[in-house]
Amino acid sequence: MNRDTLVTELKGIGEKTGKLFEKLGIRTVEDLLQNYPKDYDDFREPMPISQVVPGEVCAVYGVVAGIPNEKKVRSLHILNMTVMDASGSMQLTFFNMPFLKKVLKRGGYYVFRGTVQARGASRIMEQARFYALDEYRKLTGYMSPRYSLTRGLTSQAIQKALRQVFATYAYEPEWYGEDFLCRYDLLPYRDAINRIHFPKDREEMTQARRRLVFDEFFTFLYLMRQNKDFSQGLKNRYQMFETADTVRFLEQLPFPLTRAQKKVWQEIKDDLGSSHCMNRLVQGDVGSGKTILAVLALLMAAANGYQGAMMAPTEVLAMQHYETISAYTKRYGLVFRPVLLVGSLSASEKREAYARMASGKANLVIGTQALIQEKAIYHSLALVVTDEQHRFGVKQREHLSGKGESPHILVMSATPIPRTLAIILYGDLHISVVDELPSGRLPIKNCVVNTAYRPKAYRFIAGQVAQGRQVYVICPQVEEGDLEDLENVTDYTDKLRSALPEQIQVAYLHGKMRPGEKNRIMEEFAAHSIDVLVSTTVIEVGINVPNATVMMVENAERFGLAQLHQLRGRVGRGQHQSYCIFVDTRDNPDTRKRLEILNHSNDGFHIASEDLKLRGPGDLFGIRQSGAFSFRMGDVYTDAGLLKLAADAAETLFREDPALLLPQNQPLRKYLESKAANQVDFRSI
Ligand code: ADP
Ligand code: MG
């Protein structure tokens, strides 16, 4: 068995189970190995019931006492029982498991294990797992991995598959030499992959994780280092000169550029006119005005007779850029001949767009990933701007140009990241920072509230709409979920429609809608035929409707702070005072503390670093920053030390053996080549 073996070839995994594995993105043995646990269960000795700690996973050993009590709340069946030991008693609650009243016998002794909650002075364990004492004893002494699951597939099933793999797996030779492992204090891969799934204790798990995270960082940084040498050696084939077009456009704009925008615009102009190809990242907090810089660069390309392309991560955002730039073109008589290219266009519309790109009739192409796919042939592509997401590897750069000549690249990002980390992670790009918001913006007023505040919030929303403003409301899910008590877009929309005055137009938006439908809703919201938009986080990045002044986030405790900051960035984009209401439905001290950070700061950079402090290095599998740096396990913030170590290692290797020719580096060369070949089209920033 090797890493390409399909999981359906394992014993006990038929077609049906194979489908479930596939739902989790697991097709091959390699996928299975890389499906790291999201947490571990530590099976400790049972404790006396009187000593259980609310909020923690505890195990107790006791007798089932009293008569079970059943009730039904909507579609939810609730079963309550009591467990007792010499020190006291506690309630057990099970959801949708009516059969348990027969399984758990009154007077029977069991170990119950689960998260304990406090209700006043009493303690409750919900959805406890239960074991016979000798069965439980077998589990103590090692950590049991827990995985992300899908209905019908348990962690046990995944563990079983893994044990099979480990018994017969043909490991590739270790790709780092003895010296290397020793120098950077790393476990051999074979041990690391075993122990990440089945560690004896935290210490083993931490060591295993260290090796695997190092691999992720090292591979990324090494390939980036190659990319840097490649792209910084590229000559500028499309030298551009400033024309009257950009100067006139700037004069006509209703606002002057900020000092920071002026500085970055100068840096971009210098690149475009220099002897080398541009490879630049523009970093700036939400609302700092990055789009206008992209438009200026694209205008310079068009005025010099070239084509430009602008790529956005979502159709909604691509459409918005298209609308904005088309409006500028009309209003200020710009030389753009723009065309839109997104997945939801009809086949004939796409053909038409491709034809205009290939003939050069269009000198600006705006779209999603579709615009760099095979069929997309350009006439004279000289500049590619990517908004909020992508960075290009060597292969994509080659791919991008029809004639084998690389265009200039400008990447825009709002990911707040400390300078020391940025230098490592964006080592292949030059960095410009827009470190100032346009003047005259009123700081957003924030509040963190509990659910009791809702009626007041709705009155406030109605008031803002009456003044001509618009509102976003964010819910974490699309439809009603199974057990979890989270707000959902569908029901919330109905709720708002009845809570708000009749004339207020409420609509909803979520990721499961067809792209055309989403675009239509966004256009209507931008055109102000919708007042209140209830949405999932699909509107998180980039959307710009300056007339929107209220952002209300339900179940705010469920989101990462960076994500909430991005969401908040959708308001406060115009001259009106804006407001952000974070509804903390849990209302406990920990969630409150996190949300208070947002309450007191509108600065993305500050928020990211405070979030980091709260999470701390102990939080091994911490919340992923939204969309940022898609490493499987490594977290650039909490693993910053390891990131620096991997950067040193990559740099040292480059110095010592740039082409990886030394005999001891052959396994590593093979490994890195396989990674480069399998590299997904785009590495997310
Ligand atoms: P982001 O950096 O988040 O992409 P945008 O480029 O979408 O921000 O800009 C946000 C809003 O600020 C837009 O409505 C834009 O027209 C406006 N804007 C940009 N630059 C300035 C400026 N110098 N003065 C005033 N408003 C500006
Ligand atoms: Mg933007």
Side-chain angles (χ1 to χ4, degrees), residues 290-291 294-295 297-298 301-302 307-330 334 336-379 381 383-392 396 399-400 402 407 409-414 507-527 530 533 535-545 570 627 680-682 684-685:
K290 296 182 292 293
T291 312
V295 176
L298 290 163
Q307 280 180 316
M310 183 159 183
M311 186 158 85
T314 63
E315 270 201 24
V316 164
L317 194 52
M319 298 273 291
Q320 177 188 291
H321 284 322
Y322 180 76
E323 302 288 334
T324 307
I325 294 179
S326 299
Y328 280 149
T329 304
K330 224 194 225 148
L334 306 180
F336 285 133
R337 298 184 302 275
V339 56
L340 178 72
L341 184 59
V342 291
S344 67
L345 295 184
S346 71
S348 69
E349 285 169 327
K350 268 185 211 155
R351 250 193 326 265
E352 160 90 25
Y354 284 135
R356 293 185 56 197
M357 285 156 63
S359 68
K361 263 195 200 138
N363 60 5
L364 173 60
V365 190
I366 300 169
T368 49
Q369 288 227 10
L371 62 78
I372 42 102
Q373 274 154 11
E374 274 334 73
K375 281 193 214 143
I377 307 219
Y378 290 86
H379 181 256
L381 182 64
L383 168 66
V384 177
V385 181
T386 72
D387 192 19
E388 302 284 2
Q389 199 133 46
H390 303 295
R391 84 195 280 163
F392 295 90
Q396 291 81 48
H399 188 95
L400 257 174
I409 287 183
L410 187 62
V411 178
M412 321 279 245
S413 168
Y508 65 85
L509 183 73
H510 59 71
K512 288 190 185 166
M513 287 160 70
R514 279 181 293 111
E517 185 69 7
K518 273 190 281 193
N519 295 339
R520 188 179 62 77
I521 296 284
M522 256 340 282
E523 270 171 40
E524 286 183 21
F525 188 66
I530 295 169
L533 186 61
S535 166
T536 54
T537 54
V538 288
I539 59 118
E540 179 182 328
V541 285
I543 296 301
N544 185 42
V545 179
R570 298 312 111 218
V680 274
D681 256 14
F682 292 93
S684 276
I685 288 197

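Numbering of residues begins at 1 and proceeds along the displayed sequence.
- Here NZ of Lys290 is found 7.0 Å from CE of Met412. Values are rounded to the nearest 0.5 Å.
- Thr324 OG1 to Tyr328 OH: the interatomic distance, rounded to the nearest 0.5 Å, is 6.5 Å.
- Residues Tyr508 and Ile521 have side chains not in contact (no heavy-atom distance under 4.5 Å, counting atoms from C-beta outward).
- Among all heavy-atom pairs drawn from Gly516 and Ser344, the shortest one is N-CB, 4.1 Å.
- Applying the side chain to side chain contact (heavy atoms under 4.5 Å, CB included) rule to Arg351 yields the partners Ser348; only residues at least two apart in sequence or on another chain are considered.
- Annotation: the span from Asp387 atom CG to Thr368 atom OG1 amounts to 13.0 Å, rounded to 0.5 Å.
- Closest of all the heavy-atom pairs between Gly511 and Thr536 is N-OG1, 3.8 Å.
- Using a 4.5 Å heavy-atom threshold, the side chains of His321 and Val295 count as separate.
- Shown here for Arg570 and Ile543, the closest heavy-atom pair between the two residues is NH1-O, 2.8 Å.
- With a 4.5 Å cut-off on side-chain heavy atoms, Ile325 and Ile366 count as touching.
- Listed by first and then second residue, the side chain to side chain donor-acceptor pair (under 3.5 Å) pairs involving residues 514-524 are Glu315-Asn519, Glu517-Arg520, Arg520-Glu524 (not counting sequence neighbours).
- The CG atom of Leu410 sits 7.5 Å away from atom OG1 of Thr386, with the distance rounded to the nearest 0.5 Å.
- Between the Gln307 side chain and the Val365 main chain, no donor and acceptor come within less than 3.5 Å of each other.
- Counting heavy atoms from C-beta outward, Met513 and His510 have side chains that approach closer than 4.5 Å.
- Using a 4.5 Å heavy-atom cutoff, the side chains of Val538 and Thr314 are not in contact.
- Taking each heavy atom of Gly343 and Lys350 in turn, the nearest pair found is O-NZ, 3.2 Å.
- With sequence neighbours excluded, the residues forming a side chain to side chain contact (heavy atoms under 4.5 Å, CB included) with Leu340 are Met319, Tyr322, Val342, listed by chain and number.
- In this structure, CD in Glu352 is found 11.5 Å from CG in Leu341, a value given to the nearest 0.5 Å.
- Looking at every heavy atom in both residues, Asn363 comes nearest to Pro338 through OD1-N, 4.5 Å.
- Considering every non-hydrogen atom in both Val545 and Ala526, the closest pair reads CG2-CA, 4.3 Å.
- Not a single ring-ring contact (aromatic ring centres under 6.0 Å, His included) links Phe336 to another residue, sequence neighbours left out.
- Interatomic distance, CG of Leu364 versus CZ of Arg356, reported as 10.5 Å (0.5 Å rounding).
- Inter-residue side-chain proximity for Met357 and Ile377 is flagged as unmet; no heavy-atom pair is nearer than 4.5 Å.
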